[in-house]
Amino acid sequence: MLLLANTAKLIRFLAALRIPGIREANAVVDESSATKILGNAAITEAQMIMTLPGAKIDMENVDVHYEENAVIVWILSKGAGMASGKIVDIDEYLRLHGLMTATLEAFRRAIRESDNGACPYLAGMQIEQIVVTPEYNVFGGWNGWCATITIR
């Protein structure tokens with residue numbers, strides 16, 4: 001397999017990813033580009049922001065290598081809790097938690113289905129680790145969840 005082949009397949013998967021309840025997924029390179037995307041005050045619905053995956057390649061020898069990719073996904077909504085007088089709006093975090101769960105399940109389902117050809121993008125890959133954390137006031141006033149997904 002070519003070096004960075006999994007990175008290209010993962011980018012194609014992210015571009016095709018659709019989650020009900022999220023209008024669109026926005027690919028970014030870094031946090032400053034996410035802030036630019038989310039700086040539009042007219043955005044009212046939940047947003048998915050995801051980084052293009054980075055890669056770590058371990059070389060066993062010149063012919064054998066193992067590629068590990070990491071992608072960061074945020075599911076966010078504009079900080080409505082501040083308008084209601086609450087710092088943290090539990091109902092909104094729970095709604096976004098459901099969207100994050102659907103997103104993570106989409107990754108897991110795609111890897112499961114890659115064996116039968118249903119999702120060629122993630123064929124031969126496995127999820128190594130997922131770390132999920134709540135987010136508050138990121139990218140200029142957005143709240144929700146962040147998941148770092150490591151795939152090998």
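Worth saying up front: this structure is predicted, and the values here are computed from it rather than measured.
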- For the residue pair I19 and M48, establish whether any side-chain heavy-atom pair is separated by less than 4.5 Å. yes
- Residues L14, V71; criterion side chain to side chain contact (heavy atoms under 4.5 Å, CB included); working and verdict: CA-CA 9 Å; L14 293 171; V71 62; 3.7 Å; yes
- Message: If you define the side chain from C-beta out and look only at heavy atoms, does anything of L104 sit under 4.5 Å from I149?
- Response: yes
- Task: Any chance you could measure L10, atom CG, to L52, atom CG, to the nearest 0.5 Å?
- Result: 9.5 Å
Contacts under 3.5 angstrom, residues 96-103 side chains, donor-acceptor by atom type, not counting sequence neighbours:
| from | atom 1 | to | atom 2 | distance (Å) |
| --- | --- | --- | --- | --- |
| T101 | OG1 | H97 | O | 2.9 |
| T103 | OG1 | L99 | O | 2.9 |

- Item | Q47/S77 under side-chain hydrogen bond (donor to acceptor under 3.5 Å, both in side chains): CA gap, chis, key distance, verdict | CA-CA 6 Å; Q47 296 291 304; S77 68; over 6 Å; no
- Query: I22 and A46: which non-hydrogen atoms are nearest, and at how many Å?
  - Reply: CG2-O, 4.0 Å
- Item | Side-chain heavy-atom pair F139, W74 within 4.5 angstrom cut-off | yes
- Message: Measuring only between side-chain heavy atoms, which start at C-beta, is W142 closer than 4.5 Å to I43?
- Response: yes
- What's the shortest heavy-atom distance between A15 and R18, and which atoms? O-NH1, 3.1 Å
- In short, F13 meets A106 closest at the heavy-atom pair CZ-O, 4.0 Å
- Query: Quick one: does Y93's side chain have a donor or acceptor within less than 3.5 Å of a partner on E135's backbone?
  - Reply: yes
- Message: Can you tell me how far apart OG1 (T133) and CD1 (I72) are? Round to the nearest 0.5 Å.
- Response: 9.5 Å
- Does L38 belong to the same Ile/Leu/Val/Met/Phe/Trp/Tyr cluster as V29, with side-chain heavy atoms less than 4.5 Å apart forming each link? no
- Scan residues 138-152 for pairs that pass salt bridge (Lys or Arg N to Asp or Glu O under 4.0 Å), counting only residues two or more places apart or in two chains. D58-R152, E68-R152
- Those residues that, when tested against T7, pass side-chain hydrogen bond (donor to acceptor under 3.5 Å, both in side chains) (two or more places apart): E67, N69
- Message: Under the rule for salt bridge (charged side-chain N to carboxylate O under 4.0 Å, His left out), what residues qualify as partners of R112, not counting sequence neighbours?
- Response: none
- Task: Examine distances only and state if a side-chain atom of N143 and a backbone atom of N137 form a donor-acceptor pair shorter than 3.5 Å.
- Result: yes
- Here the gap from M59 atom CE to Y66 atom OH, rounded to the nearest 0.5 Å, amounts to 10.5 Å
- Task: Mind running side chain to side chain contact (heavy atoms under 4.5 Å, CB included) on T44 and K78 for me, showing each step along the way?
- Result: CA-CA 7 Å; T44 57; K78 195 65 175 166; over 6 Å; no
- Between atom CD1 of I111 and atom CZ of F107, what is the distance when rounded to the nearest 0.5 Å? 8.0 Å
- Step by step, would you call C146 with V73 a side chain to side chain contact (heavy atoms under 4.5 Å, CB included)? CA-CA 6 Å; C146 175; V73 177; over 6 Å; no
- In Å and rounded to the nearest 0.5 Å, what is the CG to CZ distance from D89 to R95? 9.5 Å
- Cluster link V131 to I151, ILVMFWY, side chain under 4.5 Å: no
- Item | From I49 atom CD1 to L76 atom CG, the distance as rounded to the nearest 0.5 Å | 7.0 Å
Just list the side-chain donor-acceptor pairs under 3.5 Å for residues 120-130, sequence neighbours left out, or say none.
none

- Query: Among pairs that include at least one residue of residues 23-40, which meet salt bridge (Lys or Arg N to Asp or Glu O under 4.0 Å), considering only residues two or more places apart or in two chains?
  - Reply: R23-E45
